Amino acid sequence: MISLLAQEYFANSPVLIYPLIAMLTFVLVFVAATVRALRMSGEDARRMARLPLETESWPGMEESDG
Amino acid sequence: MEKTRIVYNDSISRHFIAASVIFAIVGMLVGVIIALQLAYWPANLAAELSFGRLRPLHTNAVIFAFVGNMLFAGIYYSTQRLLKTRLASDGLAKVHFWGWQLIIAAAAITLPLGITTGKEYAELEWPIDIAIALVWVAFAVNFFWTLAKRNEKHLYVAIWFYIATIIAITVLHVVNSLAMPVGLFKSYSIFAGVQDALVQWWYGHNAVAFFLTTPILGIMYYFLPKAAERPVFSYRLSIVHFWGLVFLYIWAGPHHLLYTALPEWAQTLGMVFSVMLWAPSWGGMINGLFTLRGAWDKLRSDPVLKFFAAGVTFYGMATFEGPLLSIKSVNGLAHYTDWIIGHVHSGAMGWNAFMAAGMFYWMVPRLFGTKLYSKSAANLHFWLGTVGILLYVVSMWVAGIMQGLMWREQAAGGGLAYPIFVETLIALRPMYWTRLVGGLLFFTSFLIMAWNLWKTARSGKAVDGEAEVLVEAKAGGEETSGSLLLGKPVIISAVVIVLALAIGFVDAVPAVVLAILAIAAGIGGYILTHRAQAEGKPTWHSMLEARALPFTVLVVVGVLIGGMAELIPSIIAAPEVMSSSRMQPYSPLELEGRDVYIQEGCYTCHSQMVRPFTWETARYGDVSSPEDSVYDHPFQWGSRRIGPDLARVGTKYSDLWHYQHLMDPRITVGSNMPPYDFLAERSVDLSNTPAKLRAMRAIGVPYGAEAIQGAEASARAEGEAIAAGLRSSGQIEIAPDSQMVALIAYLQRLGRERPRAPADAALSLNAAPASGGER
């Protein structure tokens, strides 16, 4: 039955396999990214999140930015 | 580890900010002018300043000049700080800056002159396209070179968004700009009809995605925490946001082509992926807004945060509306109406321009070592701008929905309730005036910002930021790029994909076995990587985040895979569609007329696509098929109907009617079309016609050798027939080689099937067409 489904799907053109590969790749990457995000250690996440806040100085300005 | 002091190159950001503010004013001024032209047609003062020519100037100025310069300013500023290193090459940055401004100047000159490819948001002709590619390469080299010499091992999420921007725009620009030149100022897209439509909207939508969204998201992830003085709400969410957006966005282009002649499967893919985009987009919005947690009180006094909060909110609104408009039934109502214009402007004005304003108000005082000149003026800017956006967007929502409903409204006794197109246009006019008021308010608010920033800059002096940083050992640890690219997650993913695909090719029992194997491979992979982490080893993704090259390669895969999956099947099918077509290529004069149509930007108001709705076929004729536009390099389906669809206008009216209508469109009472009387005075260079046919043949249009040789004579003969017809029917004297005559020839061809001789299709144009008599 599933092969019939495939026959039907590919009836127009065999190159319709590309969208299928691409969709599967997307699903896997999305799942992988989500798993990675969930498993990331809290310490790592906090350190990364603070990267833009590291300080710099501005000659002529009193305050330190960030 | 040794410490070193870095002085950042902030001069380049100051330059880009100045350019961005100037071009924002120019682009918005042109926007106000074209809004006026739609409400009040006499505002079309000259050929070069008519709506059809100025509209591409407005879109290009706002997208590439205003937002382009803004995002370069933000990228250069934040990248140096996030990577803790000075820009790799000041020289390349200068090449980037001046090259980009020259490109903008070239656009500002060529577009009003009617030098255009006729592809929306990609109107610039091929020499400028090449210049764009070269300047973009200079930017990319400098960016990746800076990445290579960084002193911060980890790549912050903003850098990921910048990488995706650089990669995606390179691919989109190169593919969509592929064209066959005819001369210095003219080229034809190598794609035609359905393929061109698919490529164009793959580009068009992803220009929104990767030029107007991803870099601004990177800017949001850097500047919003800076302004709020707290880290981003969830770094974890930003990872999912990034990968979700990069992989999903690239698929969404076909939602611009729903109910068209595009294959059904591509339309469905476009719709489904657009709806899925809701999730990552709102993830990003939530992440941005929640970054302000505990800092909401600052919004009262800090204009920077005010703009950022409103900008991110508009992002949420626009990315809710986009997927909504991609649902086929909603799209059936909204497409070609002003609703789309409202949607686009809620993104452009609310998201892009407000984020730009917030960034400028944050950066300029720091870049000039001073304080913002006037907070009150910045607050006034905010409120004027917000009211302007709301007036603009709400008026376009009302106009669009009204327009869509009027087009489909049935009369009590059957048939269309509003059979005359202009009736719908007249009903919209109050909304067009309201939109103009909204646009004027927004434009004024930006003038206030420009004044405020100017005064701020004048009150200080240019200074470059400095930082003391630890020089880290080269990033990446023991893992090489190759080992990361062939790491466990990649291998396991490949195995799962192969197993999942194989399921489709076997019977039920083996399919179940393969499905179990695929699931087992996935779970096994998870356990393997989990065990490695439990042993204290870094995860694959955390190593990837510290390695720019493999990270970039995977982004390339993410960007390419969706686009190629959609484009390749259509492009492969193109030659077959062309060879089996019953259509005859355009006659030489029709081809010249088509070029006039493109030159005048007729596609900015008229579509050429009859959708499969009874109210469309009742109004315009048969549903459009892929064959109708098989020789259209580029396609001219359009994206909006300020005027009626023209797909089947051929022979609907006489040549005389077309002449009179082009001379004075007010023969249709209530029309807002500008007059095109100047076309009667301007001639077509028919000596160049054979070269045009030759270029067309090179990209697959079956013009025979004799047809090319006799193109000039054929065009003249056809022109003379039309001119003679006008003389006899209306006592009108017009040059047979005038642009008006050529345009009439083209319009009369539209939707009129001209079957090819079955014996030898390739030579079907060898004889001069019997043009005049057919009318």
Side-chain angles (χ1 to χ4, degrees), chain A, chain B residues 8 78 81-82 152 154 156-158 221-222 225-226 229-232 234-237 239-240 242-244 247-248 251 265 269 366 369 460-461 463-467 489 493 496-497 500-501 503-508 511 526 530 533 539 541-542 557-558 561-562 564-566 568-569 572-573:
Chain A
M1 187 183 121
I2 296 174
S3 60
L4 280 177
L5 198 73
Q7 276 174 24
E8 177 100 347
Y9 179 78
F10 292 111
N12 287 331
S13 170
V15 291
L16 286 176
I17 197 161
Y18 292 116
L20 219 54
I21 294 172
M23 284 180 74
L24 280 168
T25 310
F26 158 71
V27 171
L28 283 170
V29 170
F30 191 78
V31 169
T34 308
V35 168
R36 150 69 180 153
L38 292 175
R39 289 177 54 211
M40 188 179 196
S41 80
E43 192 189 330
D44 276 357
R46 278 190 293 277
R47 197 190 93 71
M48 295 296 283
R50 291 202 67 81
L51 274 176
L53 300 176
E54 293 181 9
T55 57
E56 64 182 294
S57 61
W58 291 90
M61 284 187 86
E62 289 171 17
E63 58 188 311
S64 176
D65 162 42
Chain B
Y8 298 117
S78 56
R81 284 153 176 86
L82 288 169
E152 168 56 51
H154 284 282
Y156 181 66
V157 69
Y221 275 117
Y222 178 78
K226 295 287 272 189
E229 294 175 327
R230 60 204 62 225
V232 65
S234 168
Y235 196 77
R236 291 186 172 96
L237 183 54
I239 294 175
V240 181
F242 173 79
W243 286 111
F247 263 82
L248 284 176
W251 293 80
W265 67 266
L269 271 182
R366 284 164 177 79
K461 65 177 175 59
V463 286
D464 291 347
E466 294 178 12
S493 297
V496 174
I497 289 170
L501 284 174
I503 291 170
F505 295 89
V506 295
D507 288 329
Y526 176 80
H530 186 72
Q533 195 187 18
T539 62
H541 197 280
S542 67
V557 171
I561 201 157
M564 292 305 112
E566 281 179 347
I568 289 171
I572 287 175

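For the numbers below, each heavy atom of this structure counts, side chains included, while hydrogens, waters and symmetry mates do not. This is a predicted model, so every value here is computed, not measured. Lettering follows sequence order; numbering is per chain, from 1.
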A.B. asks: Distance check, rounded to the nearest 0.5 Å: Arg47(A) atom CZ versus Tyr156(B) atom OH?
C.D. replies: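 Arg47(A) atom CZ to Tyr156(B) atom OH measures 12.5 Å (nearest 0.5 Å).
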
A.B. asks: List the atom of Pro52(A), the atom of Tyr222(B), and the distance in Å for their closest heavy-atom pair.
C.D. replies: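 Closest pair (atom of Pro52(A), atom of Tyr222(B), distance): CB-CD1, 3.7 Å.
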
A.B. asks: Can you tell me how far the CD atom of Glu152(B) sits from the CE atom of Met48(A), to the nearest 0.5 Å?
C.D. replies: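 Going from CD on Glu152(B) over to CE on Met48(A), the span is 7.0 Å.
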
A.B. asks: Quick check for you: to the nearest 0.5 Å, what is the distance between Leu51(A) atom CG and Tyr235(B) atom OH?
C.D. replies: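 Here the rounded value is 7.0 Å.
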
A.B. asks: Restricting to ring pair (Phe, Tyr, Trp, His ring centres under 6.0 Å), what partner residues turn up for Phe242(B), sequence neighbours left out?
C.D. replies: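 Ring pair (Phe, Tyr, Trp, His ring centres under 6.0 Å) list for Phe242(B), sorted by chain: Trp160(B), Phe161(B), Phe551(B).
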
A.B. asks: How would you list, by chain and number, every residue that makes a side chain to side chain contact (heavy atoms under 4.5 Å, CB included) with Val240(B), sequence neighbours excluded?
C.D. replies: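 Side chain to side chain contact (heavy atoms under 4.5 Å, CB included) check on Val240(B) returns Phe30(A), Thr34(A), Ala37(A).
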
A.B. asks: Which pair of heavy atoms, one from Pro231(B) and one from Arg50(A), lies closest together, and at what distance?
C.D. replies: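 Here Pro231(B) and Arg50(A) meet closest at CD-NH1, 3.7 Å.
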
A.B. asks: What closest approach, in Å, do Ala49(A) and Val232(B) show between heavy atoms, and which atom pair accounts for it?
C.D. replies: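 So the minimum-distance heavy-atom pair works out to CB-CG1, 3.8 Å.
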
